[in-house]
Enquirer: 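I have a structure here, written as structure tokens, and I will follow up with some questions on it.
Quick caveat, the model's predicted, so the values are computed rather than measured. We count ligands from 1, going down the list as the structure has it; atoms in each ligand are counted the same way.
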Amino acid sequence: MVREQLQKVQERMEAACRRAGRDPKEVTLIAVSKTKPAEMVMEAYAQGQRDFGENKVQEILEKEMVLPKDIRWHMIGHLQRNKVRQVIDKAVLIHSVDSVRLAQQIEEEALKRDLDVDILLEVNVAREESKFGFLPEEVEEGILTISRFPHVHIQGLMTIAPFVENSEENRNVFKKLFQFYVDMKSKNIDNVNMDVLSMGMSGDLEVAIEEGATMIRVGTSIFGSR
Ligand SMILES: *Cc1c(COP(=O)(O)O)cnc(C)c1O
């Protein structure tokens with residue numbers, strides 16, 4: 001089942017890229033395997049999928065131990081500071097850096113172990129009370145502060161768009177994040193790359209790709225509902 005569903009998602013991605021005049025190679029699919037067993041991850045792995053997303057540190061650690069070493073694990077959920085130490089050498093990218101304090105903690109742990117850690121800043125574009133992330137007006141200052149942490153490397157921005165019935169309702173959220181991404185890129189800040197724009201999930205991946213996503217995080221459409 002995973003095989004067919006994964007294939008369908010890849011077809012949706014390709015169709016959206018065609019509509020947007022984009023090269024499908026510009027968009028990385030992250031298969032969000034949270035709550036799903038290692039066997040299902042292996043079904044996707046057998047089809048060539050290598051990027052997987054998890055929202056809990058414990059689940060990355062458990063799966064990482066038993067699954068192939070060439071899997072790239074993405075930390076996409078809220079990260080508590082006391083869990084940083086466990087995840088910084090396991091995840092290729094932490095999408096969910098939502099405060100300067102968290103970035104500071106990553107810097108301290110990375111310094112101790114001489115690691116380089118790639119991160120995205122999570123932006124609460126729609127200003128939802130229930131969501132983590134920098135508010136739009138906090139993003140630039142956050143980037144400037146974090147850019148001075150030598151072991152932490154900002155690679156781009158991430159957002160979790162609101163849950164909506166019609167994905168078109170999120171087009172403006174994605175447009176806004178893309179605009180931030182372009183603005184920040186144009187500032188050419190030292191130790192800051194703006195190459196990754198992580199947005200779009202099962203319900204709205206097409207709109208996100210049309211608006212410039214370079215990574216989409218898809219769970220339900222590949223692995224079924226949770
Ligand atoms: C669960 C999750 C996703 C995947 O959501 P689906 O709607 O199942 O595709 C994407 N991003 C984050 C941060 C998540 O926690």
Enquirer: Angle between ring planes, Phe132 versus His78, binned at 30° and 60°: parallel, tilted or perpendicular?
Expert: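 Parallel.
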
Enquirer: Salt bridge check: are Asp190 and Arg148 linked by an N-O gap of less than 4.0 Å?
Expert: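 Arg148 and Asp190: not salt-bridged.
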
Enquirer: Quick one: do Arg127 and Glu137 make a salt bridge, cutoff under 4.0 Å?
Expert: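 Salt bridge between Arg127 and Glu137, a charged N being under 4.0 Å from a carboxylate O: yes.
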
Enquirer: If you measure from the Lys or Arg side-chain nitrogens to the Asp or Glu carboxylate oxygens, is any gap between Glu206 and Arg19 under 4.0 Å?
Expert: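 Looking at Glu206 and Arg19, the cut-off is not met.
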
Enquirer: Do Arg171 and Glu210 sit within salt-bridge range, that is, some charged N less than 4.0 Å from a carboxylate O?
Expert: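 Yes, charged N to carboxylate O under 4.0 Å.
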
Enquirer: What are the polar N/O contacts of ligand 1 with the protein below 3.5 Å, with distances?
Expert:
| residue | atom | partner | partner atom | Å |
| --- | --- | --- | --- | --- |
| ligand 1 | 8 (O) | Thr220 | N | 2.8 |
| ligand 1 | 8 (O) | Thr220 | OG1 | 2.5 |
| ligand 1 | 8 (O) | Arg226 | NH1 | 2.9 |
| ligand 1 | 8 (O) | Arg226 | NH2 | 3.1 |
| ligand 1 | 9 (O) | Ser202 | N | 3.0 |
| ligand 1 | 9 (O) | Ser202 | OG | 2.5 |
| ligand 1 | 9 (O) | Gly219 | N | 2.8 |
| ligand 1 | 11 (N) | Arg217 | NE | 2.8 |
| ligand 1 | 15 (O) | Lys34 | NZ | 2.7 |

Enquirer: Counting only N and O atoms by type, is there a donor-acceptor contact under 3.5 Å from the side chain of Lys63 to the main-chain atoms of Lys36?
Expert: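 Present.
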
